[in-house]
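These figures come from a predicted structure and were not determined experimentally.
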Amino acid sequence: MTNYTHPAYFDTLCASCATLGLDALLSRGLEGEPAADPRRASRLDAFVAGAHQLLDEQQPGTAAEVPGLPAAIDATATADYTRRVLAGELPVPAALQRQVDRIVELSARITARTPS
């Protein structure tokens, strides 16, 4: 899995994945972060043995509210929020769940075509 922010990087990553026959998940992200923004669903593209498939288009806009998402962006608030989501006290944000689902689906496709 890799992330890109600027469209020109997307073109370079696509060309590299196709030329090298790579398995990859490309995610349009925010400032180089590989995880999706919990407030918006990013574009996701898959490569399996270099063959490209668009999995999801980027959704327009930003969610007005994500339950429990802290207003503060410091490490302590972020760690507490993450701990509460992992403990099941808060729901996984839809955008992050979508990304996890795509990673699991793509991993299964890659594993299914790889000989044991």
Side-chain angles (χ1 to χ4, degrees):
M1 179 174 175
T2 193
N3 168 282
Y4 66 95
T5 302
H6 304 289
Y9 295 145
F10 174 72
D11 296 338
T12 300
L13 287 167
C14 285
S16 296
C17 289
T19 300
L20 298 172
L22 298 178
D23 298 325
L25 179 67
L26 305 182
S27 173
R28 176 85 191 262
L30 180 65
E31 300 305 321
E33 293 294 329
D37 182 329
R39 300 164 298 153
R40 63 174 27 156
S42 63
R43 178 185 169 118
L44 296 170
D45 291 84
F47 283 84
V48 177
H52 175 254
Q53 179 187 2
L54 172 64
L55 298 179
D56 292 307
E57 287 282 2
Q58 183 163 335
Q59 300 300 307
T62 300
E65 183 178 332
V66 174
L69 187 68
I73 58 170
D74 61 275
T76 301
T78 301
D80 182 59
Y81 172 72
T82 302
R83 181 194 57 74
R84 293 181 68 203
V85 170
L86 291 173
E89 297 170 14
L90 292 171
V92 175
L96 296 179
Q97 186 62 57
R98 179 174 156 263
Q99 186 181 52
V100 168
D101 292 344
R102 293 296 186 245
I103 291 168
V104 170
E105 292 165 9
L106 183 58
S107 295
R109 286 177 47 202
I110 291 167
T111 301
R113 73 160 179 79
T114 306
S116 299

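Clustering ILVMFWY residues whenever any of their side-chain heavy atoms sit less than 4.5 angstrom apart, transitively, puts Met1 in the very cluster that holds Leu44. Under a hydrophobic clustering in which Ile, Leu, Val, Met, Phe, Trp and Tyr are joined whenever their side-chain heavy atoms come within less than 4.5 Å, directly or via other members, Val48 and Leu22 fall into different clusters.
Smallest separation of non-hydrogen atoms from Leu26 and Cys17: CD2-SG, 4.4 Å. Residues Ala49 and Arg113 come closest through the heavy atom pair N-NH2, 3.8 Å. Leu69 and Pro38 get closest at one heavy-atom pair: CD1-CG, 4.0 Å.
Applying the side-chain hydrogen bond (donor to acceptor under 3.5 Å, both in side chains) test to every pair with at least one member in residues 76-93, sequence neighbours left out, gives these pairs: Asp80-Arg83, Arg84-Glu89. Residues in residues 41-74 take part in these ring pair (Phe, Tyr, Trp, His ring centres under 6.0 Å) pairs, two or more places apart or across chains: Phe47-His52. Sequence neighbours left out, not one pair with a member in residues 1-22 passes salt bridge (charged side-chain N to carboxylate O under 4.0 Å, His left out).
Residue Leu106 holds its CG atom at 8.5 Å from CD of Gln53, rounded to the nearest 0.5 Å. Rounding to the nearest 0.5 Å gives a distance of 13.0 Å between OG of Ser16 and OH of Tyr9. Taking CG from Leu13 and OG from Ser27, the interatomic distance works out to 11.0 Å, rounded to the nearest 0.5 Å. Atom-to-atom distance recorded for Leu25:CG and Gln99:CD is 7.0 Å, nearest 0.5 angstrom.
Counting heavy-atom neighbours within 6.0 Å of Ile73 CD1, excluding the residue itself, gives a total of 12 or less.
Residues forming a side chain to side chain donor-acceptor pair (under 3.5 Å) with Glu65 (at least two apart in sequence, or on another chain): none. Partners of Asp101 under the salt bridge (Lys or Arg N to Asp or Glu O under 4.0 Å) rule, at least two apart in sequence or in another chain, do not exist in this structure. With sequence neighbours excluded, the residues that form a side chain to side chain donor-acceptor pair (under 3.5 Å) with Glu105 are Arg102.
Of the possible polar contacts, none joining the Asp56 side chain to the Arg43 backbone as a donor-acceptor pair under 3.5 Å is found. With hydrogens and angles disregarded, no donor-acceptor distance shorter than 3.5 Å links the side chain of Arg28 to the backbone of Asp45.
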